[in-house]
Protein chains: 4
Amino acid sequence: MDDRFFREAAHGQGKRERTLAALLDAAVDVIGRKGMEAAKISDMTTAAGLANGTFYNYFQSKEEILHKVAMEVAVEVSHRLDAQMAGIDDGPTRVVTATTGFVDLVLDAPDWAAILLDSAAYLSAPPEEAFHYLAADITRGVEQGVFDTKIDAFTLGQTVALIGAAIRMQIRHGRDGELTRRLCVNILRLLGMTARRADKVVTQVLG
Amino acid sequence: MDDRFFREAAHGQGKRERTLAALLDAAVDVIGRKGMEAAKISDMTTAAGLANGTFYNYFQSKEEILHKVAMEVAVEVSHRLDAQMAGIDDGPTRVVTATTGFVDLVLDAPDWAAILLDSAAYLSAPPEEAFHYLAADITRGVEQGVFDTKIDAFTLGQTVALIGAAIRMQIRHGRDGELTRRLCVNILRLLGMTARRADKVVTQVLG
Amino acid sequence: MDDRFFREAAHGQGKRERTLAALLDAAVDVIGRKGMEAAKISDMTTAAGLANGTFYNYFQSKEEILHKVAMEVAVEVSHRLDAQMAGIDDGPTRVVTATTGFVDLVLDAPDWAAILLDSAAYLSAPPEEAFHYLAADITRGVEQGVFDTKIDAFTLGQTVALIGAAIRMQIRHGRDGELTRRLCVNILRLLGMTARRADKVVTQVLG
Amino acid sequence: MDDRFFREAAHGQGKRERTLAALLDAAVDVIGRKGMEAAKISDMTTAAGLANGTFYNYFQSKEEILHKVAMEVAVEVSHRLDAQMAGIDDGPTRVVTATTGFVDLVLDAPDWAAILLDSAAYLSAPPEEAFHYLAADITRGVEQGVFDTKIDAFTLGQTVALIGAAIRMQIRHGRDGELTRRLCVNILRLLGMTARRADKVVTQVLG
DNA sequence: GATGAATGAGTATTCATTCAT
DNA sequence: AATGAATGAATACTCATTCAT
């Protein structure tokens with residue numbers, strides 16, 4: 001999904017922008033195949049059809065492009081989820097919708113999954129952008145009185161950990177909608193809903 | 001905690017055993033400081049006061065010592081937790097006791113924390129020993145009718161993810177008993193207890 | 001003879017070609033001094049005035065450069081012999097001319113001798129190019145009815161063994177044209193000529 | 001053939017002799033399997049059922065045992081050939097008998113073949129013992145007036161080269177009596193016999 | 001004599017980064 | 001802007017040899 005994502009976004013722009021986009025697309029591709037650690041600069045430039053040294057006209061270091069790619073992907077994922085969720089008002093429904101949407105989106109684009117997953121481990125700073133909406137939805141649920149939990153980095157971290165574990169398992173053992181459903185239940189439970197109400201919400205949203 | 005753990009265990013034994021223990025202790029130390037990925041063989045031999053080549057009289061490769069260290073630590077942690085939990089019969093109480101004990105133990109020995117955390121990511125096979133008791137306790141809770149969840153790799157993975165995230169946060173931002181308490185609540189909620197009952201159990205156990 | 005052989009051939013070409021040639025020349029030099037087995041990559045790069053890592057911009061491994069050098073030398077030797085032998089039609093005369101030419105050429109360039117001799121033992125596939133002409137000349141002699149032998153790998157192997165032994169002896173104990181003459185006689189005898197006729201041919205050709 | 005050759009020879013002797021013999025047998029075995037270059041001291045001691053360090057109570061270095069083994073094997077081979085050839089008086093017949101016997105013996109004991117072949121390349125000094133009888137037989141033939149060649153190191157070297165090449169080919173491509181027969185013919189031709197007489201002798205001896 | 005633990009010099013290979021063109 | 005050749009630090013692993021017990 002979305003091979004050449006950056007190049008399309010840079011279509012019609014200046015040469016510098018297009019080369020930059022080519023490098024970012026190449027990075028996505030290479031990271032998807034080999035992971036951040038093993039991704040070589042030369043892999044990226046080769047995939048982008050550029051010479052080795054050209055890389056350093058656009059980035060100061062390997063780390064920089066890794067950060068950039070991770071952030072851009074996170075932002076784009078957030079955008080897409082926002083679009084899916086317009087008009088949904090109920091907190092729990094939003095959480096389930098967002099989680100399902102996120103997991104599906106990321107499993108559809110394994111390159112992006114690799115980037116998001118790796119960025120938490122390989123980069124010091126995981127891209128909060130990807131999960132920003134989640135904090136907002138949880139807050140909304142708390143305000144609506146259906147969630148019973150503190151809203152802070154810890155709760156967010158716990159939730160993200162659940163999502164990450166679920167994605168990793170599906171990458172390893174194959175896609176499984178049932179696991180995504182259970183993930184949603186787990187998140188709602190963790191946020192303070194009873195097991196019964198959590199099931200009901202998930203069934204309403206996912207059918 | 002337990003610097004020279006292996007050397008103490010090998011005290012009075014033959015030279016081979018003592019050198020082996022020195023290497024394992026050195027590995028723990030180095031992994032604690034630099035992580036599994038960055039840990040160099042020469043770091044370990046230097047820390048153990050040995051020549052470079054001596055390493056290969058005891059291990060075939062870097063991976064081998066990493067596996068060995070991870071497994072030994074996991075086993076030892078399990079042993080200690082078992083000791084703490086003798087006589088506790090109630091499933092939820094066991095889960096809380098085990099989780100708290102595990103988090104405290106591991107935060108007391110940050111080297112061990114690093115090993116356990118890294119081993120999941122760096123080694124192909126993370127040591128199940130460290131979490132085996134957890135599966136047993138969850139099963140017990142389900143059999144006692146207080147947990148409402150499937151017992152499988154997914155549930156275990158979700159639980160372990162919560163614990164890992166909590167430990168990581170405390171390593172980064174400092175020890176915080178309140179977070180450990182909230183972790184326990186989260187786990188019990190995830191396993192199907194209501195928010196209220198989860199709080200009650202945690203309060204009973206942790207005061 | 002022909003120190004800097006490759007560099008001369010690459011004169012005026014691009015930088016990549018010139019560096020490649022420098023590496024090949026350096027390899028020839030190092031192999032000549034230490035043999036294929038003991039030749040180190042760093043020896044070659046140092047001799048070429050390059051950094052260690054530069055080697056791997058041109059070759060994947062030590063084996064690769066060894067093969068390349070052996071093949072290039074073999075090809076060049078064949079070219080030079082071809083030139084010497086243009087217009088000679090008689091089979092035995094060709095064999096004697098080729099053998100003498102080969103031995104002289106190789107003793108003039110002891111580095112090349114080392115390469116050709118080592119390549120049979122160290123490389124899995126010795127460069128047939130160096131001896132291809134020999135097979136052709138033997139065939140010609142057989143067709144002319146002056147040789148009485150099967151033309152196959154065995155006969156070729158036997159002949160090459162004689163040449164190799166003669167070269168080795170002259171490298172060890174000093175150049176000796178008489179030995180080369182006797183080598184030619186031996187080859188002709190082996191190919192089925194009587195001692196007398198063999199002597200006559202050799203005398204005609206070598207004086 | 002002749003596994004434990006040295007141990008049998010040392011039977012009934014002192015402990016030192018028996019341990020030495022065990023090391024020599026182990027060396028034969030290991031060299032046969034891996035070649036001289038790749039043979040490790042520890043391979044030999046392990047195969048001999050001894051500790052690593054024990055080796056140095058018997059040999060000063062790896063080279064020393066290699067030399068010793070090569071020499072002993074060469075001597076033994078000579079002895080056996082001598083036995084086969086008692087009573088044979090005719091020079092050419094002796095050469096054919098010795099060559100055939102040598103090739104057969106060595107192909108029957110591939111370990112020995114490996115040792116003899118490697119010793120020429122890996123050790124500076126190939127064991128002349130193995131070919132001493134050959135010089136004598138050639139001399140005899142010359143004195144009988146059937147060979148027409150100088151008797152010196154060069155002729156011997158040429159002959160040995162032919163034998164080596166023939167053995168190598170049979171090790172690589174499988175035993176082939178026809179090649180051994182052709183080898184004998186080649187040697188006789190090289191020593192100055194006509195093709196016809198060489199064939200006749202070989203047929204008389206080998207049938 | 002035997003042991004076997006310890007040694008440490010030796011080397012191919014990778015890859016992010018620089019810089020002259 | 002682009003090129004791509006050159007760099008060189010960094011590191012796991014081998015094995016003959018030593019020597020204290």
Side-chain angles (χ1 to χ4, degrees), chain A residues 14-16 18-20 23 37-46 48-66, chain B residues 14-20 22-23 38-45 48-65, chain C residues 14-20 22-23 38-45 48-65, chain D residues 14-16 18-20 37-46 48-65:
Chain A
K15 185 175 190 184
R16 182 163 183 88
R18 279 181 284 125
T19 303
L20 178 66
L23 275 171
E37 177 90 36
K40 289 182 272 181
I41 300 286
S42 62
D43 290 334
M44 302 180 194
T45 50
T46 301
L50 296 169
N52 215 325
T54 305
F55 178 88
Y56 291 90
N57 289 334
Y58 294 86
F59 299 96
Q60 304 266 13
S61 68
K62 184 181 169 182
E63 260 224 311
E64 190 180 310
I65 195 175
L66 259 22
Chain B
K15 188 171 195 184
R16 185 168 180 86
E17 282 70 28
R18 279 179 283 127
T19 302
L20 177 65
L23 276 171
K40 288 179 278 179
I41 301 284
S42 62
D43 290 335
M44 301 180 194
T45 49
L50 294 168
N52 220 313
T54 303
F55 177 87
Y56 294 91
N57 291 338
Y58 293 87
F59 299 97
Q60 305 261 18
S61 67
K62 184 182 164 181
E63 257 225 314
E64 190 179 309
I65 195 175
Chain C
K15 188 172 195 184
R16 185 168 180 86
E17 282 70 27
R18 279 179 284 126
T19 302
L20 177 65
L23 276 170
K40 288 179 278 180
I41 302 283
S42 61
D43 290 335
M44 301 181 195
T45 50
L50 294 167
N52 219 314
T54 303
F55 177 88
Y56 293 91
N57 291 337
Y58 294 85
F59 300 97
Q60 305 261 20
S61 66
K62 184 181 163 183
E63 257 226 313
E64 189 179 309
I65 196 176
Chain D
K15 184 174 191 185
R16 182 163 184 92
R18 279 179 284 126
T19 302
L20 179 67
E37 178 89 34
K40 290 182 272 181
I41 300 287
S42 61
D43 290 334
M44 301 181 195
T45 50
T46 299
L50 295 168
N52 217 324
T54 304
F55 178 87
Y56 291 89
N57 289 333
Y58 293 88
F59 299 97
Q60 305 265 11
S61 68
K62 183 181 169 182
E63 259 223 312
E64 191 180 309
I65 195 176

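Just so we're on the same page: letters track the sequence lines, and every chain starts at 1.
At a threshold of 4.0 angstrom between heavy atoms, the contacts of A/Ala39 are confined to the sugar-phosphate backbone, with no base atom among them.
Here E/dT14 presents its C1' atom at 13 Å from CD of A/Glu37, a figure rounded to the nearest Å. Protein atom CZ of A/Phe59 is 15 Å distant from nucleotide atom C1' of F/dA1, rounded to whole Å. Between B/Arg16 atom CZ and F/dT21 atom C1' the separation is 17 Å, expressed in whole Å. Atom CD of C/Gln60 and atom P of E/dC15 are 12 Å apart (whole Å). Distance A/Ile41 CD1 to F/dG4 P: 17 Å, rounded to the nearest Å. In this structure, CG of A/Leu20 is placed 10 Å from P of F/dA1, rounded to the nearest angstrom. Atom-to-atom, CZ of B/Arg18 to P of E/dG4 comes out at 16 Å; the value is rounded to the nearest Å. Put simply, NZ on A/Lys62 is 13 Å from C1' on E/dT17, counting in whole angstrom units.
Taking a pair as Watson-Crick or G-U with both hydrogen-bonding distances under 3.5 Å, the stems of three or more pairs touching DNA chain F are E:2-21 with F:2-21.
At distances below 3.5 Å, at least one donor-acceptor pair connects side-chain atoms of A/Thr46 with backbone N or O atoms of A/Ser42. Not one N or O on the side chain of C/Thr19 forms a donor-acceptor pair closer than 3.5 Å with the backbone of C/Arg16.
Among all heavy-atom pairs drawn from B/Ala22 and B/Ala48, the shortest one is O-CB, 3.8 Å. Taking both residues in full, the closest heavy atoms of A/Glu37 and A/Lys62 are given as O-NZ, 3.0 Å, listed atom of the first, atom of the second, then distance. Here the closest non-hydrogen pair linking C/Asn52 and C/Thr45 is O-CG2, 3.7 Å. Taking both residues in full, the closest heavy atoms of C/Ala39 and C/Met44 are given as CB-CE, 4.0 Å, listed atom of the first, atom of the second, then distance.
The ring pair (Phe, Tyr, Trp, His ring centres under 6.0 Å) test applied to D/Phe59 returns D/Phe55, not counting sequence neighbours.
Near DNA chain F, meaning a heavy atom under 4.0 Å away, the residues from residues 50-58 of chain D are D/Asn52, D/Gly53, D/Tyr56.
Annotation: side chain of C/Glu64 is not in contact with side chain of C/Tyr58 (no heavy-atom distance under 4.5 Å).
Taking only side-chain nitrogens and oxygens, B/Thr19 comes nearer than 4.0 Å to OP1 or OP2 of E/dA6.
When each of B/Ser61 and C/Lys15 is assigned the nucleotide of DNA chain F bearing its nearest heavy atom, the one mapping closer to the 5' terminus is C/Lys15.
Between atom CG of residue A/Asn57 and atom CG of residue A/Leu20 there is a gap of 11.5 Å, rounded to the nearest 0.5 Å.
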